[in-house]
A.B. asks: 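The structure's right below; bear with me while I get my questions together.
All heavy atoms count here, side chains included; hydrogens, waters and symmetry mates do not. Each ligand, and each atom within it, is numbered from 1 in the order the structure gives.
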Amino acid sequence: MAKQAPQSDPAQDAPEVSAPQQAAAGLPAVGHSLRMAAEQMGARRTLATLLKVNQPDGFDCPGCAWPEPGKTHTAEFCENGAKAVAEEATERRIRAEFFAAHPVAELAERSGYWLGQQGRLTQPMLLDEGATHYTPVSWDDAFALIAEELHALDTPDAAAFYTSGRTSNEAAFAYQLFARRLGTNNLPDCSNMCHESSGSALTETLGVGKGSVSLKDLYQADLIIVAGQNPGTNHPRMLSALERAKRAGATIVSVNPLPEAGLERFKNPQQARGLVGHGTKLTDLFLQIRLGGDLALFRALNRIVLEQDGVDRAFVDEHCHGFEEFDEQARTTDRAEVLAATGLPWEQIEELGRLVLASRKVIVCWAMGLTQHKHAVPTIREAVNFLLLRGNVGRPGAGVCPVRGHSNVQGDRTMGIFERPAAAFLDALGKEFGFEPPRAHGHDAVDTIRAMRDGRVRVFFAMGGNFVAASPDTDVTEAAIRRCRLTVHVSTKLNRSHVVTGARALILPTLGRTDRDVTGTGAQFVSVEDSMGQVHSSRGGLRPPAPGLLSETAIVCRLARTVLGPGDTVPWEDFAADYDTLRDRIARVVPGFEDYNEKVRRPGGFTLPHGPRDSRTFPTATGRANFTVNPLTAPEVPPGRLLLQTLRSHDQYNTTVYGLDDRYRGIKGGRRVVLVNPADAAELGLAEGGFVDLVSEWRDGVERRAPHFRVVHYPVARGGAAAYYPETNVLVPLDSTADISNTPTSKAVVVRFEPDSGAPA
Ligand SMILES: Nc1nc2c(c(=O)[nH]1)N[C@H]1C(S)=C(S)[C@@H](COP(=O)(O)OP(=O)(O)OC[C@H]3O[C@@H](n4cnc5c(=O)[nH]c(N)nc54)[C@H](O)[C@@H]3O)O[C@H]1N2
Ligand SMILES: Nc1nc2c(c(=O)[nH]1)N[C@H]1C(S)=C(S)[C@@H](COP(=O)(O)OP(=O)(O)OC[C@H]3O[C@@H](n4cnc5c(=O)[nH]c(N)nc54)[C@H](O)[C@@H]3O)O[C@H]1N2
Ligand SMILES: [Mo]
């Protein structure tokens, strides 16, 4: 079994626990973010940088994908946005001497936190076959080496090209074009582990795999249901929008196994009263649902709406398909099954039912709490049924709102980062560049791991991200990666994926969002798409961390030229020199991007078309919005076990750990904690403050163990537990994925508790 480095240094990992907080943000948040930023950047750089976040002439925050309001405050950033900026704009640097001083075997023993703290990467580095250390390599030699390995493959499908969601539209488009000209659709991305379930469910039911609401819709809604999302930590700027919606009269309902501080009460740090006062109470009704109970909840609500004759018949008759079958089945929804699956009192479900029937404009927002379950796709389909029933799609103030994670994850998909591209996209791409793109579906993230494990994928290339740490089944993933001939990472910061490698490995450092990007033809900007389909430009202003650093776009274009040869007809040199030339091509391939160069220069950018939202047209197989039939299922947990969800603390960005606190949940100074309901803890004999091993149970019988977690008694819904990702990824079986979307079930891992086997080495 591969030895696993802990994400946080065990010597420092000594969690202290106090009562969870009742409100998010406010003055402590501002102070905290400025302190963290100043530590990394110094005071002057901190101010100069943070003032440019999400401003029309500035850069897009590399934090989350929540949209920017049209008229920005002086500081449209949040505590966690500031941390994301500081992480990137840090003045610390990793140079060749660092790699000379630290053998890779030693770095593989370090925590992710430590690796991330070393600073920005500054020059291309090669770990050659059999070598113990990374050594400097020129860009040209690095590209030649990748070309050599790619040319040695029997088929282009033995290479996989991963993307994390920070990559700009321009770089993403060039990247997928390169992969497809090479001849493969192996374009896995972080979305496969994230909102893939949303995309699958929405494409089938509404015809567009994206959200249908804008910020304005939120401000106009009567009822907003936030299910399976922790915006106080992961989308803090969403709280401002919820506050504004609330002041305009919206009712807010949160559905979550945890009482999350940000959803309870919010002290808006952009406003004086938010800095010092008690803040705004956001949630009117809190449904403390069991893990995986949301499908049952939406089925119950749908039954209530049907029985109370709350259906918008005109909308359903004119725009929907499949209502009769749905209706018949929804009416059979069994109350006892709903109560068992949700753990909620029936009165609460009825109360929500009354709110729904009293509201004309309803929005459902969700994130990983819905998408990372085995039955995630049926759950989201059922939420769509719920909205369709009362005509809550394509009407102001109503709609679906999957809240995306990475700041450009949605744009990357729009640009063709997808292992199963639509035929129409490939047709347009092939026509524009005069070639026949590969048609066979490629590997998603989980399939890529299987293919590497089985020796079918031999070259793994990553445009950003931290695939090794973000993927499920850490031991399996690490072993799979180690079987590769070559692994390549285009990265800003050092992480675990650089130290668990194939026979050869390359680190290609790149510019981040905050960095100035100047090519031979002048200063460049890039563009991104937020969670609400708004495309806008992003321009960094800081001096790059080292001379000679290339942008992601330049790296792709130079690599493509080297691999595909001088005869390749794509003008890669022009693309790298002047991003306008790339945008001109995108404009001809991707619908909605006509006049891209002109529209992206407008203040605030432009909005992509969205049939269901704009005109109630549904580009589905039936040409209508589809009702679906979703049998009521919920996770089954054997006695003596709990269902573990793996989630984010307040001091992390995915696999990047900023610090060891989770302030709102009252955890300080450590990450190896498991939150358990006191009643479950009593039944299982788990004393507060005691240490245990978490052992996951899966049908393959393989033992997956995460040692040494401190038990924290916490008000989580009965039957469930919570612990941080990525320390717990070792517990998520590779084959435990959502039906249809193949997303790892990171929110549903059956675990038993065993005596502590001690802190990991
Ligand atoms: N600061 C910061 N911002 C981030 C990130 C970060 O790591 N740090 N990550 C970014 C990314 S990539 C993403 S995808 C988003 C993630 O944003 P979130 O989805 O908010 O992230 P998680 O921490 O996974 O939180 C899941 C939430 O769903 C709840 N939940 C879990 N299971 C269930 C369930 O079965 N039903 C219901 N109703 N609720 C459930 C959990 O209690 C928790 O509140 O955030 C993005 N923004
Ligand atoms: N158990 C469990 N596993 C999960 C999840 C979970 O909730 N539970 N969540 C899943 C989700 S929602 C997601 S999105 C994935 C995230 O998976 P990834 O996107 O692969 O992981 P990140 O941690 O966001 O990647 C961080 C790294 O990206 C690099 N980076 C940062 N900015 C840039 C940039 O501008 N350019 C380039 N080239 N590199 C950059 C840095 O080197 C940094 O170390 O993890 C998934 N895994
Ligand atoms: Mo994500």
Side-chain angles (χ1 to χ4, degrees), residues 62-66 78-81 83-84 87-88 112 115-116 121 162-168 171 189-195 226-236 254-258 260 263 287 289-294 297 366-373 376 379 403-409 445 462-472 489-498 508-515 552 555 635 643 645-656 658 716-717 720 722 724-729 731-732 743-744 746-749:
C64 72
W66 189 256
C78 66
E79 176 188 355
N80 278 344
K83 291 184 205 162
E87 175 76 18
E88 180 176 300
L115 294 174
L121 295 159
Y162 176 71
T163 312
S164 166
R166 276 194 194 173
T167 297
S168 65
D189 68 351
C190 69
S191 204
N192 298 146
M193 303 186 267
C194 181
H195 263 293
V226 183
Q229 197 199 342
N230 178 22
T233 285
N234 298 313
H235 307 92
S254 59
V255 183
N256 202 305
L258 268 65
E260 301 284 26
L263 280 169
L287 269 56
I289 197 163
R290 274 175 183 261
L291 283 172
D294 306 83
L297 174 66
W366 73 89
M368 298 304 100
L370 296 202
T371 64
Q372 297 176 332
H373 281 285
T379 300
V403 183
R404 302 279 161 176
H406 268 303
S407 50
N408 198 38
V409 63
M463 184 54 72
N466 183 1
F467 189 77
V468 166
S471 294
H489 286 85
V490 179
S491 311
T492 51
K493 302 288 292 279
L494 193 63
N495 65 45
R496 180 126 186 104
S497 299
H498 304 120
L508 304 180
T510 192
L511 301 177
R513 283 281 167 77
T514 51
D515 300 318
E552 293 182 341
I555 290 173
L643 197 65
Q645 63 151 321
T646 61
L647 43 49
R648 293 156 173 79
S649 87
H650 195 64
D651 273 0
Q652 75 182 84
Y653 193 93
N654 298 338
T655 68
T656 300
Y658 302 133
V716 299
Y724 302 131
Y725 133 73
E727 285 82 349
T728 46
N729 284 39
L731 298 173
V732 185
T743 294
S746 302
K747 297 293 186 273
V749 184

A.B. asks: Specify the protein heavy atom at minimum distance from atom 8 (N) of ligand 2: its residue, its atom name, and the distance to 0.1 Å.
C.D. replies: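 The closest heavy atom on the protein side is Thr646 OG1, 3.0 Å.
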
A.B. asks: For atom 27 (C) of ligand 2, tell me which residue out of Gly465, Ala445, Gly165 has the closest non-hydrogen atom.
C.D. replies: Gly465

A.B. asks: Which of the numbered atoms in ligand 2 are under 4.0 angstrom from any heavy atom belonging to Ser746?
C.D. replies: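 Listed by number with element, the hits are 1 (N), 2 (C), 3 (N), 6 (C), 8 (N).
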
A.B. asks: Test your reading of the structure: does Ala470 have an N or O sitting under 3.5 Å from an N or O of ligand 2?
C.D. replies: yes

A.B. asks: Given Ala367, Ala717, Pro635, Gly405, which has its nearest heavy atom closest to atom 46 (C) of ligand 1?
C.D. replies: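 Comparing heavy atoms across Ala367, Ala717, Pro635, Gly405, the nearest one to atom 46 (C) of ligand 1 lies in Gly405.
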
A.B. asks: Which of the listed options, Met368, His195, Arg648, holds the heavy atom that is closest to atom 11 (C) of ligand 2?
C.D. replies: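 Among Met368, His195, Arg648, the closest heavy atom to atom 11 (C) of ligand 2 belongs to Arg648.
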
A.B. asks: Would you check if the side chain of Ser497 reaches a backbone N or O of Val468 as a donor-acceptor pair within less than 3.5 Å?
C.D. replies: yes

A.B. asks: Relative to the ring of Tyr653, is the ring of His406 parallel (under 30°), tilted (30 to 60°) or perpendicular (over 60°)?
C.D. replies: tilted

A.B. asks: Taking 4.0 angstrom as the limit and counting only heavy atoms of Leu291, give me the atoms of ligand 1 inside it, by number and element.
C.D. replies: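 Heavy-atom distances to Leu291 below 4.0 Å select 31 (C), 32 (N), 33 (C), 35 (O).
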
A.B. asks: Below a 4.0 angstrom heavy-atom separation, can you tell me which part of Ile289, side chain or backbone, both or neither, approaches ligand 1?
C.D. replies: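 Contact part for Ile289 vs ligand 1: side chain (C-beta onward).
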
A.B. asks: When you look at His498 and Ser491, which way does the side-chain hydrogen bond (donor to acceptor under 3.5 Å, both in side chains) test go after all the steps?
C.D. replies: CA-CA 9 Å; His498 304 120; Ser491 311; 2.8 Å; yes

A.B. asks: Would you say ligand 1 has an N or O under 3.5 Å from any N or O of Arg290?
C.D. replies: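 Between Arg290 and ligand 1 (N or O atoms, distance only) the closest approach is not under 3.5 Å.
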
A.B. asks: Around atom 32 (N) of ligand 2, find the nearest protein heavy atom and jot down its residue, atom name and distance.
C.D. replies: Arg166 NH1, 3.0 Å

A.B. asks: Around atom 34 (C) of ligand 2, find the nearest protein heavy atom and jot down its residue, atom name and distance.
C.D. replies: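 Residue, atom and distance for the closest contact: Thr492 CG2, 3.6 Å.
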
A.B. asks: With heavy atoms under 4.0 Å as the rule, classify the contact between Arg404 and ligand 1 as side chain, backbone, both or neither.
C.D. replies: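 For Arg404, there is no contact with ligand 1 at all, from either part.
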
A.B. asks: Backbone N or O of Met368 within a donor-acceptor pair of the His195 side chain at under 3.5 Å?
C.D. replies: no

A.B. asks: Has the side chain of Asn466 got a donor or acceptor atom that lies under 3.5 Å from a matching backbone atom of Asn495?
C.D. replies: no

A.B. asks: At what distance is the nearest protein heavy atom to atom 42 (O) of ligand 2, and which residue and atom is it?
C.D. replies: Lys493 O, 2.8 Å

A.B. asks: Nearest 0.5 angstrom please: Met193 CE to Ser471 OG, how far?
C.D. replies: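 It comes to 4.0 Å.
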
A.B. asks: Contact between ligand 2 and Glu87 is defined here as a heavy atom of the residue under 4.0 Å from a ligand atom; is it met?
C.D. replies: no

A.B. asks: So, do Asn654 and Arg648 sit near enough that their side-chain heavy atoms are less than 4.5 Å apart?
C.D. replies: yes

A.B. asks: Return yes if some donor-acceptor pair links the side-chain N/O of Glu87 with the main-chain N/O of Lys493 below 3.5 Å, else return no.
C.D. replies: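 Here the side-chain-to-backbone pair does not exist.
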
A.B. asks: Are Lys83 and Glu79 close enough for a salt bridge, meaning some N to O gap below 4.0 Å?
C.D. replies: yes

A.B. asks: With a 4.5 Å cut-off on side-chain heavy atoms, are Val255 and Leu297 touching?
C.D. replies: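 They are in contact (side-chain heavy atoms under 4.5 Å apart), so the answer is yes.
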
A.B. asks: Looking only at protein heavy atoms, which one is nearest to atom 39 (N) of ligand 2, and what is the separation?
C.D. replies: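 It is Gly464 CA, 3.3 Å.
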
A.B. asks: Looking only at distances, can you tell me whether any N or O atom of His498, backbone or side chain, sits closer than 3.5 Å to an N or O atom of ligand 2?
C.D. replies: no

A.B. asks: Can you tell whether the side chains of Glu88 and Arg513 come within less than 4.0 Å, N to carboxylate O?
C.D. replies: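 Salt bridge between Glu88 and Arg513, a charged N being under 4.0 Å from a carboxylate O: no.
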
A.B. asks: Output the list of atoms in ligand 1 that are nearer than 4.0 Å to some heavy atom of Gly292, sorted by atom number.
C.D. replies: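 Those of ligand 1 that fall under 4.0 Å from Gly292 are 34 (C), 35 (O).
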
A.B. asks: Does Arg513 come within less than 4.0 Å of ligand 2, judged by its heavy atoms?
C.D. replies: no

A.B. asks: Any chance you could lay out the side-chain hydrogen bond (donor to acceptor under 3.5 Å, both in side chains) test for Gln645 and Lys747, step after step, and finish with the verdict?
C.D. replies: CA-CA 4 Å; Gln645 63 151 321; Lys747 297 293 186 273; 4.8 Å; no

A.B. asks: May I ask whether Cys194 has any heavy atom positioned less than 4.0 angstrom from an atom of ligand 1?
C.D. replies: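 Flag set, Cys194 near ligand 1.
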
A.B. asks: Short list, please: which atoms of ligand 2 are under 4.0 Å from a heavy atom of Glu552?
C.D. replies: 34 (C), 36 (N), 37 (C), 38 (N)

A.B. asks: Among all protein heavy atoms in this structure, tell me which lies nearest to atom 43 (C) of ligand 2, with the distance rounded to 0.1 Å.
C.D. replies: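 The protein heavy atom lying closest is Asn495 ND2, 3.7 Å.
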
A.B. asks: Report the nearest protein non-hydrogen atom to atom 21 (O) of ligand 2: residue, atom name, distance rounded to 0.1 Å.
C.D. replies: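 Going atom by atom, the protein heavy atom closest to atom 21 (O) of ligand 2 ends up being Asn466 N, 3.5 Å.
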
A.B. asks: Check each heavy atom of Asn80 against ligand 1 and say whether those closer than 4.0 Å belong to the side chain, the backbone, both or neither.
C.D. replies: side chain

A.B. asks: Among protein heavy atoms, which sits nearest to atom 23 (O) of ligand 2, and what does the distance come to when rounded to 0.1 Å?
C.D. replies: Thr655 OG1, 2.6 Å

A.B. asks: Below 4.0 Å from ligand 2: does a non-hydrogen atom of Lys747 turn up there or not?
C.D. replies: yes

A.B. asks: Tell me which protein heavy atom sits closest to atom 47 (N) of ligand 1, plus the residue, atom name and distance to 0.1 Å.
C.D. replies: Asn234 O, 2.8 Å

A.B. asks: Please confirm whether the backbone N or O of Gly512 pairs with a side-chain atom of Thr492, one donor and one acceptor, at under 3.5 Å?
C.D. replies: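 Such a contact is absent between Thr492 side chain and Gly512 backbone.
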
A.B. asks: For ligand 1, does Asp294 get within less than 4.0 Å through its side chain, its backbone, both, or neither, judged by non-hydrogen atoms?
C.D. replies: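 The answer is the side chain of Asp294.
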
A.B. asks: So do Asp294 and Trp366 actually touch side chain to side chain, heavy atoms under 4.5 Å?
C.D. replies: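 Side chain of Trp366 against side chain of Asp294, heavy atoms only: no contact under 4.5 Å found.
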
A.B. asks: In ligand 1, which numbered atoms sit nearer than 4.0 Å to a non-hydrogen atom of Gly228?
C.D. replies: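 Per the distance check, 19 (O), 27 (C), 28 (O), 29 (C), 37 (C), 38 (N), 39 (N), 40 (C).
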
A.B. asks: Taking distance alone, with N or O pairs closer than 3.5 Å, would you say Glu88 contacts ligand 2?
C.D. replies: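 No - when backbone and side-chain N and O of Glu88 are compared with those of ligand 2, no distance drops under 3.5 Å.
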
A.B. asks: Using a 4.0 Å cut-off to any heavy atom of His235, which atoms of ligand 1 qualify?
C.D. replies: 15 (C), 17 (O), 45 (O), 46 (C)

A.B. asks: Counting the benzene-type ring for Trp, do Tyr724 and His650 have ring centres under 6.0 Å apart?
C.D. replies: no

A.B. asks: Is there a heavy atom of Thr510 sitting under 4.0 angstrom from any atom of ligand 2?
C.D. replies: yes

A.B. asks: Taking all non-hydrogen atoms of both residues, which atom of Gly464 and which atom of Ser164 are closest, and how far apart?
C.D. replies: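 Here Gly464 and Ser164 meet closest at C-CB, 3.6 Å.
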
A.B. asks: Polar contacts were defined as any N/O atom of the residue lying under 3.5 Å from an N/O atom of the ligand; does this apply to Asn729 and ligand 2?
C.D. replies: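 Checking ligand 2 against Asn729, an N or O pair does fall under 3.5 Å apart.
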
A.B. asks: From the options Tyr653, Tyr725, Tyr724, Tyr162, select the one whose nearest heavy atom is closest to atom 20 (O) of ligand 2.
C.D. replies: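 Result: the heavy atom closest to atom 20 (O) of ligand 2 is in Tyr162.
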
A.B. asks: Which atoms of ligand 2 have any heavy atom of Val490 under 4.0 Å away?
C.D. replies: 37 (C), 38 (N), 39 (N)

A.B. asks: Is the shortest side-chain heavy-atom distance between Asn256 and Ile289 below 4.5 Å?
C.D. replies: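 With C-beta onward as the side chain, the pair stays apart.
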
